Every structure is written in structure tokens, then in C-alpha cells.
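The structure presented is a predicted model; accordingly, all values stated were derived computationally and were not measured.
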Amino acid sequence: MDDYFNSTDRVLAHQGEPSRHSMRPSAKSIYEQRKQYAQSLTMAENSFEHRVEHLLTCDLDNEVRSVEDCMKRLRSLDAEGRIWGQDLMLEVKNGNLQLNDLETRDSLESVPLRNVLSCRSLMGGTTYNSVLTVTIQDPQKSTVFIFQCDEQPANVLHSHLEKALKQEKSNTEGNNSR
């Protein structure tokens, strides 16, 4: 078989055509492509942008005091057919957690990451089997956002969001120490 390729290469070279060997990328070219690919993976790992379905925003008060209470409320509203979900993009950008419209990319809500009190993933429910909750604390009240995560499991988004929150915290502490 090698004799066939070598003779074909000689014929192609004689006809002015590039040989099979000259069309193959160089080792340097392959290395640079792999390097760019690895950098793109790192950049993607450091960004947080995920499609989710926003199910409910629940203000914590005297009746609803925890994420568990919010989930009970979600199940109750769902049983009554009163949940109106909206697909959107959940994104960390410029120190904010943003809820963005899928088509226009307009920001529907933007919360400073420093106001994110906690996030949790709840897996294995019946109707909503991959839920991400994000608890926000602002001066007036605490609010829980509840999202169904279908494209990636909620536990994956939870760990990515925790990483983004830690990164933001270290950036903020680094800026304050200067």
C-alpha cells in the first residue's frame, strides 16, 4: 500500500499537484490549533450563560420563609395550572446575574452577584426534575428565583454558578485590597 501512495505522490508531484504529504497540516499547525481549542474550552468554562425556563419568582415573607416553602408554592400553583414559564438565558456578565430574552438578548432582570445569597439544585422531582433556585438578598427583601433546567442538569448549572460567584468574590476582594 505504501508503494501505491509513494508512486501516486511521485505522479502528482510530476504533474505539479501537491502530494498527500504536503496537504497534511504541519505539527506546528496542529499544535497551535489544539492550543486555541484548549483556550476556548477554558474561556467557555469561565463564562456562565445557560438556557433555562423561569418558573416562578417568590418573595420571602412571613408565610413563605425558605426555598422549600417556595417549592411547595410552585407545586401548588402547578397543580392549579397557574405556572407560566418563560424560556430565557441565565447569564453572569459584568458582575451581575442577568435574565436575558432568548431572541433579543435584552436584559429582563439584572442582579449584582454580591446580592446572590445562595443557589441550590433540586433533582428528581416529578414535573420539575432539574430545578435551580437562586436566592437574592437586597435591602428591601429576599427573593427566590426558580428555574427548570432542561439543556443541562441543574446540578451542573449550580456548580458553574457557584464557581462564578467565587470568582466574583475574589475579584471584588482583590479590587478592595488595592
Side-chain angles (χ1 to χ4, degrees), residues 1-55 57 85-125 128-136 145-178:
M1 192 67 150
D2 284 338
D3 289 338
Y4 169 77
F5 284 122
N6 289 335
S7 64
T8 304
D9 286 345
R10 281 193 297 276
V11 168
L12 291 172
H14 182 64
Q15 294 175 349
E17 296 288 328
S19 72
R20 173 177 58 91
H21 295 291
S22 66
M23 292 194 300
R24 185 183 318 166
S26 69
K28 176 87 172 157
S29 173
I30 292 170
Y31 176 79
E32 289 299 323
Q33 288 176 6
R34 290 179 60 244
K35 186 175 170 182
Q36 287 175 349
Y37 175 69
Q39 288 171 342
S40 72
L41 290 177
T42 302
M43 285 176 38
E45 194 174 276
N46 291 335
S47 68
F48 183 89
E49 184 179 37
H50 298 281
R51 184 180 180 146
V52 295
E53 180 185 9
H54 177 240
L55 300 172
T57 300
Q86 180 179 8
D87 288 336
L88 50 83
M89 196 63 72
L90 186 62
E91 181 176 6
V92 171
K93 186 175 180 181
N94 300 326
N96 293 305
L97 181 64
Q98 296 183 340
L99 283 63
N100 297 331
D101 181 77
L102 284 177
E103 293 176 19
T104 65
R105 296 292 210 193
D106 289 341
S107 179
L108 306 174
E109 180 117 21
S110 185
V111 177
L113 287 177
R114 68 179 175 278
N115 291 1
V116 176
L117 192 61
S118 66
C119 59
R120 291 177 53 188
S121 57
L122 306 165
M123 306 296 290
Y128 304 111
N129 59 359
S130 182
V131 174
L132 176 70
T133 66
V134 180
T135 304
I136 307 296
F145 290 93
I146 303 175
F147 306 98
Q148 171 67 24
C149 307
D150 289 326
E151 288 191 5
Q152 287 197 357
N155 58 344
V156 172
L157 270 62
H158 174 223
S159 67
H160 288 178
L161 183 54
E162 286 287 346
K163 184 177 179 181
L165 291 169
K166 285 178 186 171
Q167 181 66 40
E168 178 65 20
K169 185 176 180 180
S170 69
N171 288 348
T172 303
E173 290 172 355
N175 290 338
N176 289 339
S177 66
R178 292 181 191 163

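Residues that satisfy the side chain to side chain contact (heavy atoms under 4.5 Å, CB included) test with Arg114, not counting sequence neighbours, are Pro112. Evaluation of the salt bridge (Lys or Arg N to Asp or Glu O under 4.0 Å) rule for Lys28 yields Glu32 as partners, not counting sequence neighbours. A search for salt bridge (Lys or Arg N to Asp or Glu O under 4.0 Å) contacts involving Glu109 returns nothing, not counting sequence neighbours. Asn94 pairs by the side chain to side chain donor-acceptor pair (under 3.5 Å) definition with nothing, not counting sequence neighbours. Listed by chain and number, the residues in a side chain to side chain contact (heavy atoms under 4.5 Å, CB included) with Ser107 are Gln98, Asn100, Ser110 (sequence neighbours excluded). Not counting sequence neighbours, Asn115 has no partner by the side chain to side chain donor-acceptor pair (under 3.5 Å) test. Taking His158 as the reference, nothing meets the ring-ring contact (aromatic ring centres under 6.0 Å, His included) condition, with sequence neighbours excluded. With sequence neighbours left out, Ser118 forms a side chain to side chain contact (heavy atoms under 4.5 Å, CB included) with Thr135. With sequence neighbours excluded, the residues that form a salt bridge (Lys or Arg N to Asp or Glu O under 4.0 Å) with Arg51 are Asp87, Glu151. In this structure Tyr128 satisfies the ring-ring contact (aromatic ring centres under 6.0 Å, His included) test with no other residue, sequence neighbours excluded. For Ser29, there are no side chain to side chain donor-acceptor pair (under 3.5 Å) partners at least two apart in sequence or on another chain. Residues forming a side chain to side chain contact (heavy atoms under 4.5 Å, CB included) with Pro153 (at least two apart in sequence, or on another chain): Met123, Ser130, Asn155, Val156.
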Check the pair Leu113, Asn96 against side chain to side chain contact (heavy atoms under 4.5 Å, CB included), reporting the backbone distance first and the verdict last.
CA-CA 5 Å; Leu113 287 177; Asn96 293 305; 5.7 Å; no
Pair Val134-Ile146, side chain to side chain contact (heavy atoms under 4.5 Å, CB included): steps then yes or no:
CA-CA 7 Å; Val134 180; Ile146 303 175; over 6 Å; no
From CA spacing to verdict: side chain to side chain contact (heavy atoms under 4.5 Å, CB included), Leu99, Phe145:
CA-CA 10 Å; Leu99 283 63; Phe145 290 93; 4.2 Å; yes
Side chain to side chain contact (heavy atoms under 4.5 Å, CB included) for Glu53 and Phe147? Distances and angles first, verdict last.
CA-CA 5 Å; Glu53 180 185 9; Phe147 306 98; over 6 Å; no
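What you find for Glu49 and Arg105 is that their closest heavy atoms are OE2-NH2, 3.4 Å.
Put simply, NE2 on His50 and CG on Leu157 are 4.5 Å apart, with the number rounded to the nearest 0.5 Å. With rounding to the nearest 0.5 angstrom, the CE atom of Met89 is 11.0 Å from the OG1 atom of Thr104. The SG atom of Cys119 lies 6.0 Å from the CG atom of Leu132; values are rounded to the nearest 0.5 Å. Here the straight-line distance linking atom OG1 of Thr133 with atom CG of Leu55 works out to 11.5 Å at 0.5 Å rounding. Annotation: the span from Gln167 atom CD to Phe48 atom CZ amounts to 14.5 Å, rounded to 0.5 Å.
Within the 4.5 Å cutoff, side-chain heavy atoms of Ile136 are placed close to those of Val116. Counting heavy atoms from C-beta outward, Val52 and Gln148 have side chains that stay 4.5 Å or more apart.
Residues Gln86 and Asp101 have side chains that never bring a donor and an acceptor to within less than 3.5 angstrom of each other.
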